[in-house]
Each structure stands twice: as C-alpha cells, then as structure tokens.
Amino acid sequence: MQNLLHNLNPEQLAAVTLPAQPALILAGAGSGKTRVLTTRIAWLIQTGQVSPAGILAVTFTNKAAKEMMTRLSAMMPINTRGMWIGTFHGLCNRLLRAHYRDAALPQAFQILDTQDQLSMIKRLLKANNIDDEKYPPRNLMYFINNAKENGLRAQDVEAFDDFNRRMVELYALYDEQCQREGVVDFAELLLRTYELLSRNQPLREHYQSRFRHILVDEFQDTNNLQYNWLKLMAGTQAAVFAVGDDDQSIYAFRGANVGNMSAFEREFKVENLIKLEQNYRSHGHILDTANMLIANNTKRLGKNLHTDAGHGELIRIYEATSDLQEAQWIIEEAKSLIAEGSTRNEIAILYRSNAQSRVIEHALFSAGIPYRVYGGQRFFERAEIKHAIAYLQLMDNPHNDSAFLRVVNFPTRGIGARSLEQLQDAARQYGISLYAAVPYVTGKAGTSLGAFVKLVESARFETAQLPLPEMVQIVLDASGLIAHYQNEKEGADRIENLEQLVSAASLFVSEEGFGHDAPAQLGPRSEQTAGPAIVTQDGVEILDADAPLVTVMSPLSAFLSHASLEAGDNQAQAGQDAMQLMTVHSAKGLEFDAVFITGLEEGLFPHENSQKEDGGVEEERRLMYVAITRARRRLYLSFSQTRMLHGQTRYNTKSRFFDEMPEESLKWLSPKVQQHHWFANPKAAWDEVPESGANRIAQSMGKKNIGWRIGESVAHAKFGEGVIVNIEGSGSNARAHINFGRHGMKLLDLSIAKLDKV
DNA sequence: TATGTGGACTTTTTT
DNA sequence: AGTCCACATA
C-alpha cells in the first residue's frame, strides 16, 4: 500500500484516494493520467473497497486498454484478463455475446468495419436502384452513424424534406439488411447494448449493482451515445471516475462532444474535481508556449501546466522558402541532433495533414535516414487479409453477404456478374442471404455457385475439430488464396501477410486463454469451465466477471471479433531505430525528446476548413496544444513561404499561432526577411526568368515590372501581412490577389492600395 | 475478366 | 500531384 501511493504528488494522491463518489479529473498533458487511473483501481482493490469484478474501466483504444492492464498487473498480482477493462466497443461486444438472445442477435453475429459498412451501403443503393450521385454512399454512412451516435433509430429520425425522408428510409433498409445478415457495425455495438440494458430491467440492475466503480479514460472524446451508455451503466449507485482534458479534445469531427465534461459535472453533481497540472514531461519554455497558446481559447474548464524541470531550451522557429527547403532544413537539424547523441526514435516530425509527409519522406529517403510513417494500412485491413477473413466469416456465419461477395469469385472461379445478379434476385425474392439463395439458382451459374458453397462447407467440416491456427492454414490453402498470390507478380508480400495471419491466430489463442488445443469452431466452452461461469438470476443469464470470452464464444468467433475491433498495427517497419513521422492527431498520447511541428501556415494549420466550422479554430488550437506538449526537451516549429498542394503552388502566411506564443520563449532561426522566393524555388525561378516562354506570356499579361511580384510578401494597414498570389491587368489597372491568411484572399488595386514591402 | 482510362477528389481517425 | 473508383475495352 505504502508502495502503491509512493511518489504520487498531492493532487494525484487526492485523486487516487477519492471516496466512492462521482469525480472529474482534469488531467493535463504529461501529468500522469494513466498512472492515476491504474493506481486508483489498484488502491480500490487493495483496500478491499471493491473486488476486481466490481470494476469497469473504459478506454477508446485497445492500446490504452492494454497499457492499463499491463500497468495494473505490475502493481499487484492480479489476473486482469477476467476484469472488465476494455474499449467501449470491446466491452459492448462482450455484453452482446453473453446476452445475444436478449439483444436479438444470432450467436455468431459478426462486426462490420468501416470498409464493410460502406460496401454494404453501396450494395443496398444498387439493389434499390438509388442514384448514388444524389445519395453518395459515404454521406449515407455518415448519416446512419450520426443517427446511431445520437441514439436514434430510423423511426426516431425526423425528416423535414423528401431528401431526408429518403435517407431515413435507406437507414431503415440498412438496419434490416444487417439484421438479416447477422452483422453489426461499430455504432450498432454501442446502440444495441444501450437498448438492451435500457429495456431489460433485470439485466440492467445486475450490471448496475455489480459495477461499483466505473473509470473512464479520455473522457473528452466521448460522443453522446457513449455518455448515455455510461449514465445507464452507472445507474444511481456506481462511482464514476472520469479522467480527461478538455484542452486535448481534437475529435469533434467524429462526434466527440467535449460538452460531456461539463454535462457530467452538472448531471452527476460532481463535488470532486481535481486538476492535475504538474507536468512531468516537458521543459518550461515548452509548457509556457503551450499555456499561452491555449489561453486564447474561450470555452475552457481552466488549467495551467507547470513543471519543476526548469526552462530548458528556447523553441526554435524556422521560416523556409519552400516545402522542399523546409524538409531539407528538418533533415539538417535532425542530423545534428543525432550527431549530438539523440536516437532517431526520439525525434518526431509532425504535420497537420498526411499529404505533407511526402516531401519530408523524399528528403529523408535521399538522405538515407531511416524513418517510420504512422497511419498506413493496418494489418487486418489489407486486401488479402480481408479475403482470408471473409472465408472464415462465411464458415462462422454464412449469411454475411459482404463476406460472401468479397470471395465468391476470388480467386476467380467463373462466377461473373450475371450469375451474381441471378443470385441476388433470388435472395431478394425470398428475403434470404446470398448463401441461402444458392440452391434457387439453376443452370451453369447454379453449378459454380454450388461448388463455392461446397468449398466453404467442406472447409468448415474438415476443420471443425482443429485448433484455430491450423484451421486458418487450411482455409488459406483450400480457398486457393495462396495459390492465387503465388501466380501473381507481386504476390510474395501478400503470401507473407497471409502466413502472418496464422501467427496472429496462434498469438490470439494463447493471449485470450483459449488454449492451443481448443477446437476453433466448437461452441462456447461454458460446459468445460463449469463452475460459476454463468449463473442464473431472476431467469437472466449473467456473465461472471472472471469469465473471459472463452466462455461465451468459440475461438473462431472471438478471433473474427478481434480482427474487426483491433485492426492491428499500422506502423511500417517497427523495431528499427527510425525517425517518427505522423499527423498531430496520431501523436496524441505520445512523447518525444525532440519534436518538429511543420507546415505552420494559415490555411494548413489552422486548416482552412476549420474557419467555416464554428469552434473550428479553437479545435485547431487544441490540436496545436497537443502537438507542442509532445516535446520533452526540444521543439522546432517551421513554416514555408510556398508549398505545393494539389498540384498547385500555394503562397501562405505564417500561422496565427505564432502570435499567440510568448516571445521570450522563442528563438527565430531564420531572419525575418529571407532571400526572395524566386531565388530559392527553382520552379518559380523558371517561371520568372525573362527568356522563358512562360514568362513572356506573363509579361504580355502584365504580370511583371509593376513593382510587385507573385510570391512577394506585403504588409497592409488593415489586413496585416500577406502574400501576392496572382497579378492581373497592367500599369495603373494592375490588381493583385493577395492571401492575407486569416483575413482571407483579397483583390486589391495596386495603384490604390497602400502596400509595403516586408 | 484483366487491364486501362478518365474523372473526381483531396483534414484530422478509432472502433 | 497522386490516389481511388467506376466504367469501358480488348
């Protein structure tokens, strides 16, 4: 116990040892948030206030859940696998598996990932002859997900015009189709659980009285449905311990509602509000910069980070002439960092949008510096893996039409569009799945479809008694996937990935406690585990907290859930000491000795789209706050006068965020006025050279010799600094398009406007 | 049915 | 500029 609370600062200690009441912990970046969460759980258990079974801990990512379990096992001898620690979706999956009948789901229901959901919607539109120009599948998907995240079924959505009425109809059709196929999308996992518990009183009361303590990580990221889900789980008895940071709320665009923090404070009558403001990560100048920047936001719960670590180094700021040159500068700085003893792993290059990584990657590649880009395709999202998974899905639940269509003719087995059309007609006519409709198709199409069904059936039959990894291996061979990729020119990597799927199955089986000899397909092993695994109370089947997934689902079903809910690593070549490239969003939660934040230009960061959204710029500022607070010791900020974007050169002004930082913490590496753009930017130079054809055209159009040039920086009394983006007309008629950053693009008459050179 | 071509798109992302 | 997707063609 002494040990457990040892080394906590007063605020952390206070948070960890709060009484069993609603609590809101405002945990600043680097303030030891995860430590507080895990220590709180350990303290509750060790002091005998609650048994491990009475704890529900919710996170957003699998990574965070795993981290929590690892730290918890390090703190006390406890089997965390049986505990209810997981993501919202993972926990919902667990609940729905245990109570599938009450939730009106088939036992082997499967989970659609975003790809699957979109392809399902496309199919739906096609089947109903809907013009996908008028109803873009992606929009319909957003519509449906948004409705679900607000707890609304199709019948609850109010439609005020024909267009929306149609959308609602399609939403209803979509849900019916999912139900027929026995599949649920991500939002459905949440909503279905919410509905299950709100309708089923004994079940609700069981869980409400069982979970005495509910702990929530990253509370600022909860959406409306998740917040209501928590309220329902908590009932009136549970102590909800919510940890979050409103200043790090950067996911509003996907439904996160920071307002949930103040709603929680109000609705739960929170009396225990603790701020963790002591930062253990960054040096003083970095924190001062972050603090001053975020102070420009209006709607804040209020928080200021401080450190004992001293001021440290100044923030280094660099103005580049082009994106290319910015990249080259980064590499020079990184090289000298490495020369001074930094490891590449400890250097991160952050950018607002993925498109910015290319130039940097090119530069790193030519410099021969190893790097790793986050955010690529993830293991379970690769096409070949999705194919293999689809075969497994069909063996587990043949009515999954998405899975059926994905592989019915892959590898090709002579089942073309015509055959499938016949099949889909039959399926629609009888209201059954494609798989079930196969017997209704006659002729040659029927024969080849029948052969496919036989393939799936015999794979299922032959592997019924085998452990999961062996089953996967057999499916890879029997499906013809391996053979297909062997014949393909660049199939080697794909075969390697498929073999990795077998390893993933092995790893899964041992990690989840299924045991390597457990048959993959046999039903739930509740009979074998016996004991208290499932108890009946008021006629309701109740899951015991220590019962892992093994008791409620087969290894195969569990593995398929895992594949959907945990798409796997998206890092390329892990392991190697490499520089880290990622968007600011994906950097959240990470920290590095040295951080480069690049592309700090108006329009890019803050992003131009954010100006139109209300609260958009504040979210961008929080994003910048997250970026700054990733750095431990050294922080570089850079921006560029010109940048190639979407095949066009853009002239941006520097980000407004520079004006919101403390001058005394900054060190400008480049002189305010650089050499002229056409000097450093080869492309611009080419355009401006008098001999070039392009320039002769420009001259004849009056683009030159009027005292101003495209790309030149100017200052205007009202609009501040800007960049000349284009010039039209000549002589006294000359007018210039000038990008004034936050003031937007202006068209000014050059003979009238008072402009100064910068 | 594999392959090519034109057109539209382009902020951020986890489950 | 680069990617993805739908549709057309050999």
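Quantities reported herein were computed from a predicted structural model and do not represent experimental measurements. Chain letters run A, B, ... following the sequence lines, proteins first, then strands; residues in each count from 1. The analysis underlying the following values was restricted to heavy atoms, covering all of them including side chains, and did not include hydrogens, waters or symmetry mates.
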Is there a donor and acceptor pair closer than 3.5 Å between the side chain of Thr61(A) and the base of dT15(B)?
no

Take atom CD of Gln377(A) and atom P of dT14(B), then tell me their distance rounded to the nearest Å.
13 Å

Does Asn145(A) reach a base, just sugar-phosphate, or nothing at all? Heavy atoms under 4.0 Å.
nothing

At under 4.0 Å between heavy atoms, what does Asp185(A) touch on the DNA or RNA strands: base, sugar-phosphate, or nothing?
nothing

Do we see a donor-acceptor contact under 3.5 Å between the side chains of Glu619(A) and Tyr251(A)?
no

Could you check whether Gly414(A) gets within reach of a base, just the sugar-phosphate, or nothing at all, counting any heavy atom under 4.0 Å?
sugar-phosphate

In whole angstroms, the gap separating C1' of dT15(B) from NE2 of His562(A) amounts to 13 Å

salt_bridge(Lys126(A), Glu421(A)) N-O dist < 4.0 Å:
no

Min and max contacting nt of DNA chain C in 5' to 3' order, chain A heavy atoms within under 4.0 angstrom, are dA1(C) to dA6(C)

In whole Å, I'd like the distance from the CD atom of Gln220(A) to the P atom of dT14(B).
15 Å

Does a donor on one side chain and an acceptor on the other come within less than 3.5 Å for Glu602(A) and Asn652(A)?
no

Name the pairs: protein N/O against N/O of nucleotides 10-13 of chain B, kept only if under 3.5 Å.
{"unit_1": "dT11(B)", "atom_1": "O4'", "unit_2": "His607(A)", "atom_2": "NE2", "d": "3.2"}
{"unit_1": "dT11(B)", "atom_1": "O2", "unit_2": "Arg352(A)", "atom_2": "NH1", "d": "2.5"}
{"unit_1": "dT11(B)", "atom_1": "O2", "unit_2": "Arg352(A)", "atom_2": "NH2", "d": "2.5"}
{"unit_1": "dT11(B)", "atom_1": "O4", "unit_2": "Glu613(A)", "atom_2": "OE2", "d": "2.6"}
{"unit_1": "dT12(B)", "atom_1": "OP1", "unit_2": "Asn354(A)", "atom_2": "N", "d": "2.6"}
{"unit_1": "dT12(B)", "atom_1": "OP1", "unit_2": "Asn354(A)", "atom_2": "ND2", "d": "2.8"}
{"unit_1": "dT12(B)", "atom_1": "O4'", "unit_2": "Arg352(A)", "atom_2": "NH2", "d": "3.0"}
{"unit_1": "dT12(B)", "atom_1": "O2", "unit_2": "Arg352(A)", "atom_2": "NH2", "d": "2.6"}
{"unit_1": "dT13(B)", "atom_1": "OP1", "unit_2": "Thr583(A)", "atom_2": "OG1", "d": "2.7"}

Tell me what Lys122(A) touches on the nucleic acid: a base, only sugar-phosphate, or nothing, going by heavy atoms under 4.0 Å.
sugar-phosphate

Tell me: CD of Gln226(A) to C1' of dT14(B), nearest whole Å?
10 Å

State whether a side-chain donor-acceptor pair under 3.5 Å links Ser119(A) with Arg406(A).
no

Whether Asn62(A) contacts dT14(B) is assessed here as follows: a side-chain N or O lying under 4.0 Å from the phosphate OP1 or OP2. Is that the case?
no

Answer yes or no: are there more than 12 heavy-atom neighbours, outside Asp131(A) itself, under 6.0 Å from its atom CG?
yes

Indicate whether any N or O donor in one side chain lies under 3.5 Å from an N or O acceptor in the other, for Glu384(A) and Tyr485(A).
no

Polar contact flag, side-chain donor to acceptor under 3.5 angstrom, Ser561(A)-Arg97(A)
yes

Examine the side chains of Asn150(A) and Asn224(A) and answer whether a donor and an acceptor come within less than 3.5 Å of each other.
yes

Report the distance from atom CD of Glu149(A) to atom OG1 of Thr222(A), rounding to the nearest 0.5 Å.
11.5 Å

